[in-house]
Amino acid sequence: MGLTVTGYISSVIKTRACAPGSEAPGVSEERELANETTGSPVIYNPHTTLSIEKQRQRLPVFKHRNNILYLVESYQTVVIVGETGCGKSTQIPQYLLEAGWAAEGKVIGVTQPRRVAAISVANRVAEERGALIGHEVGYTIRFDDCSDPHATRIKFLTDGMLVREMMADPLLKKYSVLMLDEAHERTLYTDIAIGLLKKIQKKRRDLRLIVASATLDAKKFQDFFNLNETSDPSKDTCGILTVEGRTHPVDVFYTVSPVPDYVKATVETVLKIHESEDDGDVVAFLTGQEEVEKVVSMLQEQARTLSRYGMKKHLRVLPMYAGLPYADQMKVFERMPSSVRKVVVATNIAETSITINGIMFVIDCAFVKMRAYNPRTGIESLVVTPISKASACQRAGRAGRNRPGKCFRLYTEEDYEKLPPSTVPEMQRSNLAPVILQLKALGIDNVLRFSFLSPPPAQSMVQALELLYALGGLDQYGRLTDPMGVRMAEFPLSPMFAKMLLESGTFGCSKEIVTIAAMMQIQNIFLVPPNQKKAAAREHRKFAVAEGDHLTMLNVYEAFIKHQKNSQWCQDHFLNYKGLIRALTVREQLRRLMNKFKVPRNSSEGDPDVILKCIVSGFFANAARLHHSGSYRTLRDDRELHIHPNSVLYGEKPPKWVVFNEVVQTSKYYMRDVTAVESAWLVELAPHFYRQAKHGSLGSKRTKVF
DNA sequence: GAGCACTGC
């Protein structure tokens with residue numbers, strides 16, 4: 001194929017190393033704190049001779065210390081463009097603390113999009129302050145509150161947790177300053193928090209906000225938060241500051257002509273690197289598990305050939321994707337002997353969620369599998385789309401964390417120029433029902449006029465409002481109902497699940513439903529190792545029941561409990577042990593909420609019908625009937641659907657009526673998590689939604705309420 | 001016989 005140098009970008013980079021080797025002689029080993037799968041990792045050197053104080057002063061952010069404090073003093077909001085490796089996440093909260101921003105019991109809050117990042121940054125800051133985590137410095141994430149309501153001065157939390165905190169404390173009174181880290185990622189919760197904080201700031205002039213962002217979005221954030229309506233810049237309420245990073249250059253190479261097959265090209269590029277480049281590990285980005293496994297097996301084949309021909313340096317090829325069993329994931333972090341070159345073939349998980357040290361080469365196919373939402377049909381889909389330029393730079397930067405690196409882009413420079421500058425924010429490509437419910441619960445009456453940093457499509461809002469009305473969470477005026485809507489909003493689940501849980505007591509099956517809801521939150525309960533597909537399928541069949549996936553999940557959970565939560569038992573049956581343990585925790589949290597709302601604890605005692613009816617009470621909007629063609633049609637708008645191949649109902653005698661949790665569109669529209677129901681239940685449990693036609697068929701009312 | 005990118009409460 002032949003890679004030709006046609007471009008070089010010296011500003012793509014990235015390492016967050018506190019001290020690059022060149023500046024700290026004798027320091028070669030860096031490791032990550034706390035957890036190697038950390039999201040936004042802080043790297044530090046455990047054997048340094050420098051005191052922590054000296055290390056802190058060497059960070060690029062240090063020389064901006066006074067300026068940052070001045071800006072926070074003078075402006076309500078400060079946008080900080082902190083390049084990778086500048087030390088902003090760990091240092092700025094400490095500067096604020098030292099300057100007295102946490103006096104009189106106030107708290108400095110720092111949000112992160114990911115749990116592991118919140119934990120690892122918190123641990124680092126605690127260590128720098130010579131403190132135990134959970135006192136002066138703490139963190140709060142779902143299922144793990146490691147903070148002290150009285151003692152904690154710097155608190156790290158996920159942005160989702162911050163939104164939850166607003167439900168109990170709408171003005172976030174305990175915080176003096178909030179820093180939104182990684183705001184440029186524009187996750188759903190970051191965007192919700194941003195809109196809400198703007199509102200809070202109008203009522204709390206004393207609340208300071210720091211938005212940490214990438215260069216590209218800084219102006220957008222500044223315009224959004226600047227409340228100055230005059231043309232006098234001295235009245236601006238938002239300041240901006242750029243802090244340079246600690247970066248290693250990454251050479252970027254493009255192909256001379258478009259690549260017809262990036263899977264093949266990935267394999268060829270790895271081999272070419274292996275033949276002609278110096279030492280250094282490789283990460284290749286692909287879009288999904290299937291592509292990853294394909295490249296891994298092709299490369300392993302090649303690696304065997306190479307070693308047969310006596311190639312001195314060995315290739316160790318490892319897959320990496322979220323669905324991979326934990327033990328296999330951990331292999332990508334293992335250090336290799338110098339005679340071995342590690343090649344990690346990964347999905348987008350390696351772009352932000354995990355960081356692997358020692359990567360010198362990146363191969364980027366320019367594509368990603370991304371969630372999309374069709375506001376007209378209300379159907380979500382997973383589509384392979386070209387990445388953005390921002391994403392391409394992020395991927396390239398993965399090569400230069402420890403040393404200068406190289407990035408091989410499997411596309412032409414011309415095609416790179418055609419990529420969109422940044423990724424569409426999640427808010428504009430999501431089902432908004434959960435978002436709207438949250439906003440309503442936070443007292444935002446007119447969600448259509450909520451100040452969104454990037455407003456979602458109006459049609460997405462309408463879909464969400466209609467669904468919430470049908471579920472009884474909103475009344476005909478779009479107001480949150482009490483108690484149903486208020487309670488639904490408290491559940492950390494989608495509104496349909498919340499409704500199902502809240503109704504389960506009246507159906508007499510709350511014990512079963514809470515288990516089903518918890519199990520449905522876990523991805524990949526059934527493990528399918530690529531080389532043991534048959535055996536795995538055989539084991540999984542043992543749990544399958546004719547009613548469908550919901551009761552099958554109930555079966556799995558109950559069997560897990562019956563076998564004393566034994567991990568070996570899980571392994572024998574190809575079940576995800578860690579996932580099941582997580583289901584226990586989720587179940588416990590849901591149970592607590594149900595107790596709070598006095599949902600009776602009861603069991604169907606083996607009667608499946610009440611459980612199925614209860615599922616219908618939440619998921620009636622997701623109903624489909626069997627079509628004579630053999631596929632299904634939605635009841636709402638007669639769209640063609642199919643049973644997902646991972647469903648236990650796939651390939652079985654198809655039930656006449658089904659409800660499902662969600663639809664994913666790949667080659668077709670597939671229903672995931674499907675359960676057989678009776679049409680009479682739909683009419684009985686959602687009479688406002690469905691009517692029985694004279695000849696016995698079922699149609700939807702399509703009530704337009706807004 | 002076709003298929004699940006990645007987070008978060």
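All values below were derived from every heavy atom in this structure, side-chain atoms included, with hydrogens, water molecules and symmetry-related copies excluded. These numbers were taken from a predicted model, which means no experiment stands behind them.
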Using a heavy-atom cut-off of under 4.0 Å over every strand shown, decide if [X] touches base, sugar-phosphate, or nothing.
X: Val163(A); answer: nothing
X: Leu188(A); answer: nothing
X: His642(A); answer: nothing
X: Leu382(A); answer: base
X: Thr158(A); answer: sugar-phosphate
X: Asn646(A); answer: base

Length of the [atom1]-[atom2] vector between [X] and [N], whole Å:
X: Tyr189(A); N: dT7(B); atom1: OH; atom2: C1'; answer: 10 Å
X: Tyr321(A); N: dT7(B); atom1: OH; atom2: P; answer: 14 Å
X: Arg592(A); N: dC9(B); atom1: CZ; atom2: P; answer: 14 Å
X: Asp181(A); N: dT7(B); atom1: CG; atom2: P; answer: 18 Å
X: Asn524(A); N: dT7(B); atom1: CG; atom2: C1'; answer: 14 Å
X: Ile387(A); N: dC6(B); atom1: CD1; atom2: C1'; answer: 15 Å
X: Glu490(A); N: dG8(B); atom1: CD; atom2: P; answer: 22 Å
X: Glu662(A); N: dC6(B); atom1: CD; atom2: P; answer: 14 Å

Which atom of Ala433(A) lies closest to which atom of Ala464(A), heavy atoms considered |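 Heavy-atom minimum between the residues: N-CB, 3.4 Å.
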
What residues, two or more places apart in sequence or in another chain, satisfy side-chain contact (heavy atoms from CB on, under 4.5 Å) together with Gln289(A)?
-> Glu293(A), Tyr321(A)

Please pick, from [options], the nucleotide with the shortest atom-to-atom distance to any side-chain atom of [X].
X: Arg115(A); options: dA2(B), dT7(B), dG8(B); result: dG8(B)
X: Pro492(A); options: dT7(B), dC9(B), dA5(B); result: dC9(B)
X: Arg142(A); options: dC9(B), dA5(B), dA2(B); result: dC9(B)

Short N-O contact, Lys88(A) and Asp181(A), less than 4.0 angstrom |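 Judged by the 4.0 Å cut-off on N to carboxylate O distance, Lys88(A) and Asp181(A) do form a salt bridge.
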
Are any of Arg371(A)'s side-chain N or O atoms less than 4.0 Å away from OP1 or OP2 of dT7(B)?
->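 Arg371(A) to dT7(B) OP1/OP2: no side-chain N or O under 4.0 Å.
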
Under the ring-ring contact (aromatic ring centres under 6.0 Å, His included) test, residues paired with Tyr262(A) that sit two or more places apart =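 With sequence neighbours excluded, Tyr262(A) shows a ring-ring contact (aromatic ring centres under 6.0 Å, His included) to Phe367(A), given in chain and number order.
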
Among Asp673(A), Asp549(A), Thr552(A), Thr675(A), find the residue that satisfies the side-chain hydrogen bond (donor to acceptor under 3.5 Å, both in side chains) test when tested with Ser647(A).
->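 Of Asp673(A), Asp549(A), Thr552(A), Thr675(A), side-chain hydrogen bond (donor to acceptor under 3.5 Å, both in side chains) with Ser647(A) is met by Asp549(A) alone.
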
Taking for each residue the nucleotide of DNA chain B bearing the nearest heavy atom, is the 5' side occupied by Ser494(A) or by Tyr650(A)?
->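 Looking at DNA chain B, the more 5' nearest nucleotide goes with Tyr650(A).
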
By nearest nucleotide on DNA chain B, pick out whichever of Ala322(A) and Met161(A) is the more 5' one.
-> Ala322(A)

